[in-house]
Amino acid sequence: MSIGYACLIVGLRDVEYKTCRMDNASETRLIELIGHNLLTLEKMIDYNITNQIQMFRITSDLIPFGSSPVNQIDWPIVFKSDFNRIGEKIRSGLIRVSMHPGQYTVLNSLDDSVVDRAIQDLVYHAKILDALNTDPSSKIILHVGGIYGDKPAAIDRFVTTYVRLPDEVKRRLVIENDDRSYTIEDVLAVSKRTGAPVVYDNLHNLLLPSEQEGDDLFWIGEAKKTWKEIDGNQKIHYSQQDPAKQNGSHSQSIQIEKFLPFYQLLDHVDVMLEVKDKNLSAIKCINCTRSDHKIKLLENEWSLYKYNVLERDPSGYQKIRVLLKDKDQYPALDFYRILEKSLAKTPTIGTMINGFQHVFGYFKNQVSESERALFFKKTDGYQTGSETAGSVKKYLEKLALKYQEEYLLKSYYFILN
DNA sequence: TGACGTCAAGATCCG
DNA sequence: CGGATCTTGACGTCA
C-alpha cells in the first residue's frame with residue numbers, strides 16, 4: 001500500500017531536469033545533459049528515501065531524445081556506474097519506480113512509422129528501468145492509443161503490435177484507461193487478449209465511463225485480476241479534477257478529505273497520485289495514512305509551510321500552532337485540513353506584509369543599513385501598488401541566500417505561488 | 001490548421 | 001546587464 005508521485009519534485013532547490021532543442025543536440029551537449037539529469041534523479045531518490053516515499057514515476061525526459069536517432073549515445077554503458085548507484089539506492093529504499101510515456105506514444109497508429117517510433121520509445125523506457133536493475137514490478141504504463149474511426153480494428157492493431165514487442169518491454173508493459181477513447185472496460189478486454197496488467201485511473205473513468213456500470217472499487221477489483229505475482233502489487237492512478245479548469249485537468253493539491261475515504265476502501269493497492277503539487281500531496285497522503293504516528297512528521301511539515309500560511313491566513317496560522325502543541329497527539333488530518341483551507345485563501349496586502357516582516361526578522365540583525373532601507377522601500381512600494389508581492393519576496397529570497405538562512409531556504413515560502 | 005498537455009529552452013522585452 | 005515575461009519546440013490525433 002504505497003503512495004507515490006510523478007516525475008518532478010516541488011519545493012526543492014536545484015533539482016531540475018534539463019533538455020535542449022533538437023538543433024542543439026550535439027553529442028557533447030547530450031552527454032552533459034544526461035549526466036546532469038542522472039544527478040537530478042539521484043537527488044529525487046534521496047529525497048524519497050528521506051521522506052519514506054516508496055513509489056515514484058521516473059520522467060520520460062531523463063535522457064533527452066532518448067528514443068530518437070538524434071541521440072546516438074550508448075548511455076546505459078557510458079553512465080553505467082551512475083545507473084548502478086542510483087539503482088542500488090532505489091532497492092535499498094524499497095522504492096517502486098515506474099515510467100509513463102506520454103500521449104504521443106501510440107502503438108496502434110495507422111502509420112507504420114509512428115508505430116515503429118512508439119516501439120523504439122517503449123524500448124527506451126525499458127532500457128532505463130533495466131539499467132537501474134529494477135525487477136519486473138517496475139512498470140511502463142501506456143494508453144491504448146487512437147480510434148481511427150473503428151475501435152475494434154484499432155484494438156486488433158494494438159494486440160497485433162503488442163505480440164511482437166520485445167520481451168524486455170512486454171514484461172513491464174501495463175495498460176491504462178484514458179479520458180477520451182478507451183474505457184476501463186475496453187482496456188480490461190485488451191488485457192484479456194494480451195495478458196498486460198491494467199492500471200485503473202479514477203479521473204479518466206469519471207470522464208469516460210464504461211457502458212457497464214461500476215464504481216471505483218468495482219473496477220479496481222476487476223483490474224486486480226490482471227496482476228500476476230511477478231507484476232508486484234496492483235497499481236492504480238488517483239487524481240482529482242481541478243474545479244477551475246476544463247476537462248481532466250489535475251488539481252493543484254489532493255484534497256485529503258476526499259482521498260481518505262477512497263483510500264480506506266483499498267486493499268494492497270499502490271497508488272500513484274497525479275497532482276500538480278507532486279511530492280507535497282504524496283507526503284500529505286502518506287502522513288494521513290501511516291501507522292507510525294510521530295508529531296515530528298507534522299512539525300517538519302509545518303516548518304516548510306508556515307509562512308505560506310501566515311501570508312494568507314494569520315488565524316489559520318494560530319490554529320495550527322495550537323494544534324501542534326500537544327506532543328503526544330498526531331492530529332494529521334486536522335493539520336492538513338487547516339493547511340488546505342489556509343492555502344486556498346487569497347492574501348490581503350496586510351497579511352502579505354505581515355509575512356514579509358516575519359521573514360525579514362530572520363536577518364534584521366545581520367543586514368546592512370542599505371539592505372534594511374531597501375526592504376522597507378520595497379514593502380512600502382508594495383503597499384502603495386508600485387511593487388508586486390513577488391518582487392518583495394524575490395528580494396527576501398536574495399537576502400536568505402546571502403545570509404544562508406537554511407530554515408527559510410528549505411521552506412516553501414519562496415517557491416509556492 | 002490549431003487544440004490538446006507538459007515542461008523547459010530560447011527569445012524578447014523592460015528598467 | 002540581469003530579471004521578468006512571452007513564445008517555441010517535441011510528440012500524434014482529431015475536429
Side-chain angles (χ1 to χ4, degrees), chain A residues 5-10 12-26 29-30 32-34 36-37 40-41 44 57-71 99-125 141-151 153-155 157-158 161 176 178-182 201 203-204 207-208 237 239 241-242 244-252 274-278 374 377-378 381 386-398 401-402 414 417:
Chain A
Y5 66 100
C7 305
L8 304 177
I9 285 186
V10 169
L12 259 199
R13 272 160 214 284
D14 306 316
V15 183
E16 270 151 15
Y17 289 109
K18 287 180 180 290
T19 183
C20 66
R21 295 283 165 83
M22 208 174 241
D23 317 337
N24 306 330
S26 66
R29 183 78 184 119
L30 285 171
E32 220 174 271
L33 291 170
I34 296 167
H36 169 87
N37 286 353
T40 295
L41 174 62
M44 292 187 179
R57 180 188 301 163
I58 297 173
T59 179
S60 297
D61 297 331
L62 185 69
I63 311 293
F65 302 99
S67 63
S68 158
V70 163
N71 187 337
M99 299 192 77
H100 188 10
Q103 56 189 288
Y104 299 109
T105 303
V106 182
L107 273 189
N108 70 347
S109 175
L110 288 165
D111 180 339
D112 287 343
S113 74
V114 169
V115 177
D116 285 345
R117 266 172 286 161
I119 295 172
Q120 283 317 300
D121 198 44
L122 293 175
V123 169
Y124 153 70
H125 284 82
I141 289 91
L142 187 72
H143 293 292
V144 176
I147 301 277
Y148 314 91
D150 183 348
K151 196 185 254 191
I155 288 178
R157 275 200 309 284
F158 182 92
T161 309
E176 181 194 351
D178 64 82
D179 58 0
R180 47 186 285 166
S181 303
Y182 293 93
D201 183 307
L203 186 58
H204 291 161
L207 270 74
L208 184 74
H237 289 174
S239 58
Q241 170 73 44
D242 186 323
K245 292 188 185 156
Q246 287 268 308
N247 38 36
S249 299
H250 296 146
S251 61
Q252 174 62 31
E274 294 184 318
V275 58
K276 295 264 193 285
D277 73 358
K278 307 281 182 187
L374 187 50
K377 192 182 156 219
K378 283 190 168 278
S386 62
E387 196 93 47
T388 66
S391 82
V392 184
K393 284 179 96 168
K394 264 272 171 291
Y395 183 63
L396 286 168
E397 183 175 24
K398 217 172 117 181
L401 283 163
K402 177 170 173 187
F414 302 117
N417 292 350

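Reminder, nothing fancy here: chain letters follow the sequence lines and each chain counts from 1.
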Inset, instruction - Using the closest heavy atom to pick a nucleotide of DNA chain C for each, name whichever of A/G390 or A/N108 lands nearer the 5' end. - result: A/G390
Legend entry - Pair of N/O donor and acceptor under 3.5 Å linking C/dT13 base with A/R180 side chain: no
Inset, instruction - Among C/dT8, C/dT13, C/dC14, find the nucleotide with the atom closest to the side chain of A/S109. - result: C/dT13
Legend entry - Whole-Å distance separating the OH atom of A/Y395 from the P atom of C/dG3: 14 Å
Inset, instruction - Could you tell me whether A/K18 atom NZ has more than 12 heavy atoms of other residues or ligands within 6.0 Å of it? - result: no
Inset, instruction - Please find the earliest and latest nucleotides of DNA chain B, in the 5' to 3' direction, that have an atom within less than 4.0 Å of any heavy atom of chain A. - result: B/dC4 to B/dG10
Inset, instruction - Would you classify A/K393 as touching base, sugar-phosphate or nothing, given that sugar-phosphate means primed atoms plus P, OP1 and OP2, and contacts are heavy atoms under 4.0 Å? - result: nothing
Legend entry - Pairwise 5' ranking along DNA chain C for A/V114 and A/S391, keeping only the more 5' one: A/S391
Legend entry - A/K18 NZ to C/dA10 P, straight-line distance once rounded to whole Å: 18 Å
Inset, instruction - Mind calculating the distance between CG (A/D111) and P (C/dC14) to the nearest angstrom? - result: 13 Å
Legend entry - Whole angstrom value for the distance that separates P of C/dA15 from OH of A/Y148: 12 Å
Legend entry - Between P of C/dA10 and CD of A/Q120, the distance in whole Å: 19 Å
Legend entry - A/S113 and A/R117 side chains, donor-acceptor separation under 3.5 Å: yes
Inset, instruction - Could you check A/R29 against A/L8 and say which one's nearest nucleotide on DNA chain B is further toward the 5' end? - result: A/L8
Inset, instruction - Rounded off to whole Å, could you give me the OH-to-P distance for the A/Y124 and C/dA10 pair? - result: 16 Å
Inset, instruction - Would you mind checking if A/R57 and A/E274 are paired as a salt bridge, meaning a charged N to carboxylate O distance below 4.0 Å? - result: yes
Legend entry - A/H143: ring-ring contact (aromatic ring centres under 6.0 Å, His included) partners, not counting sequence neighbours: A/H100, A/H204
Inset, instruction - Pick base, sugar-phosphate or nothing for A/G102, based on heavy-atom distances below 4.0 Å to the nucleic acid. - result: nothing
Legend entry - Distance, nearest 0.5 Å, that separates CG of A/D116 from OG of A/S67: 12.0 Å
Inset, instruction - Inspect the surroundings of NZ in A/K398 and state if more than 12 heavy atoms from other residues, nucleotides or ligands are less than 6.0 Å away. - result: no
Inset, instruction - Check the side chains of A/D121 and A/T105 for a donor-acceptor pair under 3.5 angstrom, ignoring hydrogens and angles. - result: yes
